[in-house]
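When reading the values below, keep in mind they use all heavy atoms of this one structure, side chains included, and skip hydrogens, waters and symmetry mates.
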Amino acid sequence: YKQEKLLALINDRWENAPRGTIGLPMGLNMYELLPFWHALFTDLGFDVAVSPFSSRKLYIAGQATIPSDTVCFPAKLMHGHVDYLIHQGVKTIFYPCMSYNFDEHLADNHYNCSVVAYYPDLLAVNIPALSKVKYLHPNLGIHRPKDFEKKGAKLLADEFGVPKREAVKAIRKAYEAYHGFRGLVQQKGAEYIDFARKSGRKILVVAGRPYHMDPEINHGINDLITSFGFVLVTEDAVFQHMGKEPRHVLNQWTYHARMYNAARYVCTQPDMAFIQLVSFGCGVDAITTDELRSILEEHGELYTQLKIDDISNLGAVKIRIRSLIAALDAR
């Protein structure tokens, strides 16, 4: 469902934009925030060019500028997304640095991980072709709407000559679009759960980060899971059912707090099971995997982890899912 909604925004192109075209690379936190930035720039009269969902061809196109092989696969893909926009002739690319994510009041803080937060700066110094276009990678904080109305309006005025009143109006519409998208995801999740229970199917909550919906990152694991008869929902469709609770680890990342809450919710639902998607090279998942296992096993539930990277062989994934099915049947 989320793929379909984001594809509609990716393909939403219009001609004769009064303020020209602005490019958004589709990766890392952009999977969560595309509705926000798309609404902001289209309301201001820009034609928004979004790079497509990832592919093997796109990944290879950006490989030459990747400075470290130890970074997570989703970050490596960003080089290909920027390369795509440049080769499409986009003259202005916008990809902001953001230390903080939205505060959902479920954790001790609401940081983005360091890769998500600052990878735009790394791209600036490792992709030579970016020096030939207008590459905007400012440090922004959209987690405080009132502050962003001031700072965002100033950025838009400085870079594009947008009047303050017009900028503030567009910023407010962007927040509406973001929260509307989040509400739709939770609504659709509730519909899927209701369908599963009426049809007598098991529900599998797949927890990860927003970029795990990218077909090149998840390698079609969603289709594989549903082929076994599960109804699949993601952690951001159910986490809101649980409130804040102290954790054994420092809980300071928005997406991690969602996963912890989703795992807690699964423990209260007899027809649900839980799988965590982990991208190889993600350092902070050394924390989340242990904590999620602890939450589930303390309540007698099963913890299953699928580690995914740029290798597309799903043999091991099939074995893991079949093992989970056998364990659920045995219980």
Side-chain angles (χ1 to χ4, degrees), residues 2-3 5-7 9-10 22-38 40-41 48-55 58-59 61-63 65-86 93-102 110-127 130 135-143 178 181-182 185 207-219 234-236 252-259 277-285 288 308-310:
K2 289 186 288 184
Q3 286 179 343
K5 298 297 288 185
L6 294 180
L7 274 174
L9 297 181
I10 290 172
I22 191 162
L24 302 178
M26 188 65 172
L28 294 179
N29 63 343
M30 196 58 74
Y31 286 92
E32 176 87 354
L33 300 178
L34 181 58
F36 181 95
W37 297 118
H38 189 279
L40 173 65
F41 286 115
V48 178
V50 186
S51 60
F53 280 138
S54 305
S55 64
L58 183 142
Y59 172 46
Q63 266 192 326
T65 59
I66 298 173
S68 173
D69 199 44
T70 59
V71 74
C72 63
F73 181 49
K76 294 176 184 176
L77 284 167
M78 289 306 305
H79 297 256
H81 284 279
V82 171
D83 178 81
Y84 174 90
L85 291 173
I86 293 172
I93 297 176
F94 179 82
Y95 187 36
C97 295
M98 294 190 298
S99 300
Y100 291 92
N101 209 317
F102 283 100
H110 47 101
Y111 291 113
N112 282 310
C113 87
S114 55
V115 173
V116 170
Y118 309 116
Y119 212 73
D121 283 347
L122 181 143
L123 294 172
V125 296
N126 282 279
I127 301 180
L130 278 176
Y135 177 49
L136 302 176
H137 52 110
N139 284 277
L140 297 177
I142 62 174
H143 58 296
Y178 171 78
F181 175 71
R182 298 289 330 122
V185 169
R209 293 176 177 77
Y211 51 67
H212 281 133
M213 79 176 73
D214 189 303
E216 185 63 25
I217 295 175
N218 65 44
H219 307 303
T234 48
E235 85 293 331
D236 59 345
Q252 62 178 6
W253 293 277
T254 296
Y255 298 146
H256 299 185
R258 288 183 184 178
M259 290 192 284
L277 296 182
V278 176
S279 289
F280 186 81
C282 178
V284 284
D285 270 340
T288 64
I308 50 179
D309 56 11
D310 55 326

### Task
Apply side chain to side chain contact (heavy atoms under 4.5 Å, CB included) to the pair H79 and L122, showing each step before the final yes or no.
CA-CA 10 Å; H79 297 256; L122 181 143; 4.0 Å; yes
### Query
Step by step, would you call F73 with C282 a side chain to side chain contact (heavy atoms under 4.5 Å, CB included)?
CA-CA 9 Å; F73 181 49; C282 178; over 6 Å; no
#### Entry: side chain to side chain contact (heavy atoms under 4.5 Å, CB included) evaluation trace for Q252 with V284
CA-CA 11 Å; Q252 62 178 6; V284 284; over 6 Å; no
### Task
Could you walk me through whether I308 and H212 pass the side chain to side chain contact (heavy atoms under 4.5 Å, CB included) test, one step at a time?
CA-CA 9 Å; I308 50 179; H212 281 133; 3.8 Å; yes
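Side-chain contact between V50 and L9 is absent, with no heavy atoms from C-beta onward closer than 4.5 Å. Side-chain atoms of L34 and F181, non-hydrogen and from C-beta on, never get closer than 4.5 Å to each other. Side-chain contact check for M26 versus Y84: every heavy-atom pair is 4.5 Å or farther apart. Residues I93 and P25 form a side-chain contact, since some pair of their non-hydrogen atoms from C-beta on lies under 4.5 Å apart. The side-chain heavy atoms of R182 and D236, taken from C-beta on, include a pair separated by under 4.5 Å. Taking 4.5 Å as the limit, every side-chain heavy atom of N29 sits out of range of all side-chain heavy atoms of N101. Contact annotation: the side chain of P120 approaches that of Y135 to within less than 4.5 Å [non-hydrogen atoms, C-beta and beyond]. F53 is listed as a side-chain neighbour of L7, based on a closest heavy-atom distance under 4.5 Å.
Paired with K76 under the rule salt bridge (charged side-chain N to carboxylate O under 4.0 Å, His left out), one option of D69, D83, D309 passes, and it is D69.
Separation of atoms CE (M30) and CG (L6) is listed at 11.0 Å; rounding is to 0.5 Å. Rounded to the nearest 0.5 angstrom, L136 CG and I22 CD1 are separated by 6.0 Å. Rounding to the nearest 0.5 Å gives a distance of 12.0 Å between OH of Y211 and OG of S54. Here C72 contributes atom SG and M78 contributes atom CE; the two are 10.5 Å apart, rounded to the nearest 0.5 Å. Rounded to the nearest 0.5 Å, atoms CD1 (I66) and CG (N126) are 10.0 Å apart. With rounding to the nearest 0.5 Å, the separation of CG in L123 from OG1 in T65 is 7.5 Å.
Aromatic pair Y119/Y95: ring centres not closer than 6.0 Å.
Using a distance-only test at 3.5 Å, with no hydrogens or angles considered, a donor-acceptor pair links the side chain of T254 to the main chain of F102. Looking at H38, its side chain never comes within 3.5 Å of a backbone N or O of P35 through a donor-acceptor pair.
When every heavy atom of C97 is checked against every heavy atom of D121, the shortest pair comes out as SG-OD1, 3.4 Å. The minimum heavy-atom distance between G208 and E235, with the atom names listed, is N-OE1, 3.1 Å. Smallest separation of non-hydrogen atoms from L77 and L58: O-CD2, 3.8 Å. Smallest separation of non-hydrogen atoms from A49 and L85: O-CD2, 3.7 Å. Nearest heavy-atom pair, P52 versus I10, reported as atom, atom and distance to 0.1 Å: CA-CG2, 4.2 Å. Across all their heavy atoms, L28 and A75 have their closest contact at CD2-N, 4.0 Å.
Using modelled atom types and a 3.5 Å distance limit, the side chains of T288 and H256 yield no donor-acceptor pair. The closest side-chain donor-acceptor pair between E32 and Y178 falls under 3.5 angstrom.
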